[in-house]
Structures are given as structure tokens and as C-alpha cells.
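These numbers were taken from a predicted model, which means no experiment stands behind them.
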Amino acid sequence: MALLPILQYPDPRLHTLARPVKEVDARIKTLIADMLETMYDAIGIGLAATQVNAHERLIVIDVSEQHDDPLVLINPEITWASAEKVMNEEGCLSVPGIYDGVERSTQVKVTALDGNGQSRTIEAEGLLAVCIQHEMDHLLGKVFVEYLSPLKRNRIKTKMLKSRRDTEKSN
């Protein structure tokens, strides 16, 4: 297993549309293991393949308290979302240190393949539902800050670019 570099907003690669996974083979299983290790190391609860510059429809999530209940969703599709929505404070491993409110459905039903290529349907609510929607946005090339006002988005972009320049200067 290996830690993978996480793309940072406003990297244009974060806007790449992910393509379907054709086969759950050894390469995909290695990517899953590496993504889980990367997510846990970054103290995150979700990670999309897009965020590690692997533009395939694959997400890993673990919203458990002990971080020991990973969920792998390959080629996920939301088949139903509740009309009821809730505003939650969201953050993102690709936008470190930034949190803001995003409105999401309170419940979703998702069909996907698991890490062994088996089809499954998941009914999710609460934090898991929010996390699934957030990570699936990444597969569509969308970062949560795009739900924010243009003013907020530009401030975040400026802050992220400045942080990157400061990091590069100190290395």
C-alpha cells in the first residue's frame, strides 16, 4: 500500500469527469487499498479517485467512529434522493482547512459495485448520505466550494494558491 498525493483545489484535474471502472481487477484493488490508506492518513471520511488523479468512478468512505468500517463504491449511481434537504458544514481533503455550508438530500439510495465487484444497493442517511453525495460530486468534476457564492469561492481559491506558494517557498 502507498500514500497517494491528494490534488488541491483549484487544480484543474479536480474538474475531470471520471470514467466507469471496467473491471474490478488487481489494479483497482490496489488503488482501493492505497485510497483507504491515504484517506485514513489524512484523517478524512471520504475520498474519490479523482482526488488522487485517478479519474475512475471509485470512492472510499468510512464514517465510523473507530475508522474501521470502510465502504467501497465502484461505479456508484444515486437511484433515489429525498426531497428533504439539510444544510451541513462540509470540508474536503482537496480544500484543507476550509469548511462551509452545503445543502444536500438527507437520504439517498445508491447502487454500486463493492471492492470485490459484487453489486449492492445502499440506503444511507445522515453523515453517510452527505458523504456519498460529496464524493460522487468529485466523480463529476465538482468540488464542494462550487456550491458557494462566487465571492467565497474566489477567496478560497486565492487562499489555496497563496498557501501553495508559501509551501513551495519553504521547501
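- No continuous path of hydrophobic side-chain contacts links V110 to I74 [ILVMFWY only; heavy atoms under 4.5 Å].
- Residues Q8 and D11 are not in side-chain contact: their nearest non-hydrogen atoms beyond the backbone lie 4.5 Å or more apart.
- The number of heavy atoms from other shown groups lying within 6.0 Å of NZ (K157) does not exceed 12.
- Counting only distance, with no hydrogens or angles, the side chain of E125 and the backbone of E123 share no donor-acceptor pair below 3.5 Å.
- For CD of E103, the number of neighbouring non-hydrogen atoms (other residues, nucleotides, ligands) closer than 6.0 Å is greater than 12.
- More than 12 heavy atoms of other shown residues, nucleotides or ligands fall within 6.0 angstrom of atom CZ in R164.
- Two residues are said to be in side-chain contact when any heavy atoms from C-beta on lie closer than 4.5 Å; S94 and L14 meet this criterion.
- Under the 4.5 Å side-chain heavy-atom criterion for ILVMFWY residues, a single connected hydrophobic cluster contains both L7 and V95.
- Hydrophobic cluster membership is shared by V60 and V21, with clusters built from Ile, Leu, Val, Met, Phe, Trp and Tyr side chains linked at under 4.5 angstrom.
- Put simply, the side chain of S163 never gets that close to the backbone of K159: no donor and acceptor are under 3.5 Å apart.
- Judged by distance alone, with hydrogens and angles left aside, the side-chain atoms of D34 form no donor-acceptor pair with the main-chain N or O of E37 at under 3.5 Å.
- Here the closest heavy-atom approach between residue Q51 and residue G46 is recorded as OE1-O, 4.5 Å.
- With hydrogens and angles ignored, the 3.5 Å screen pairs a side-chain donor or acceptor of S105 with a backbone N or O of S82.
- The shortest non-hydrogen separation linking D62 to H67 is OD2-C, 3.0 Å.
- By the 6.0 Å and 45° rule, K142 stacks over the aromatic ring of Y147.
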Under the side chain to side chain contact (heavy atoms under 4.5 Å, CB included) criterion, do V145 and K152 qualify, and how do the steps go?
CA-CA 8 Å; V145 297; K152 278 187 177 181; over 6 Å; no

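- The hydrophobic clustering, which links ILVMFWY residues whose side-chain heavy atoms are closer than 4.5 Å, places M136 and L71 together.
- Taking both residues in full, the closest heavy atoms of F144 and I98 are given as CZ-O, 3.7 Å, listed atom of the first, atom of the second, then distance.
- Residue M160 is grouped with residue L148 when hydrophobic side chains (ILVMFWY) are merged at heavy-atom distances under 4.5 angstrom, including chains of intermediate members.
- Within the 4.5 Å cutoff, no side-chain heavy atoms of I59 are placed close to those of H138.
- A donor-acceptor pair under 3.5 Å is absent between the side-chain atoms of N88 and the main chain of E90, judged by distance alone.
- With I122 as the partner, the side-chain contact (heavy atoms from CB on, under 4.5 Å) test is satisfied by one option alone out of L73, I61, D114, V108: L73.
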Go through it in stages, so that I can follow the logic: the residues are E56 and I28, the test is side chain to side chain contact (heavy atoms under 4.5 Å, CB included), and I'd like the CA-CA distance, side-chain angles, deciding distance and then a yes or no.
CA-CA 10 Å; E56 296 180 86; I28 290 295; 3.8 Å; yes

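- Remark: the backbone N or O of V63 is not paired with any side-chain donor or acceptor of D69 at under 3.5 angstrom.
- A donor and an acceptor atom, one from each side chain of T111 and T79, are nowhere located under 3.5 Å apart.
- Between R104 and D137 there is a salt bridge, since a side-chain N of the basic residue sits under 4.0 Å from a carboxylate O of the acidic one.
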Could you walk me through whether L127 and I45 pass the side chain to side chain contact (heavy atoms under 4.5 Å, CB included) test, one step at a time?
CA-CA 10 Å; L127 181 58; I45 60 170; 3.9 Å; yes

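- One N or O on the side chain of E146 and one on the backbone of V143 form a donor-acceptor pair closer than 3.5 Å.
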Run the side chain to side chain contact (heavy atoms under 4.5 Å, CB included) test on L17 and R19 for me, step by step, so that the C-alpha distance in whole Å, both residues' side-chain angles and the decisive distance to 0.1 Å come before the verdict.
CA-CA 7 Å; L17 188 63; R19 62 189 175 279; over 6 Å; no

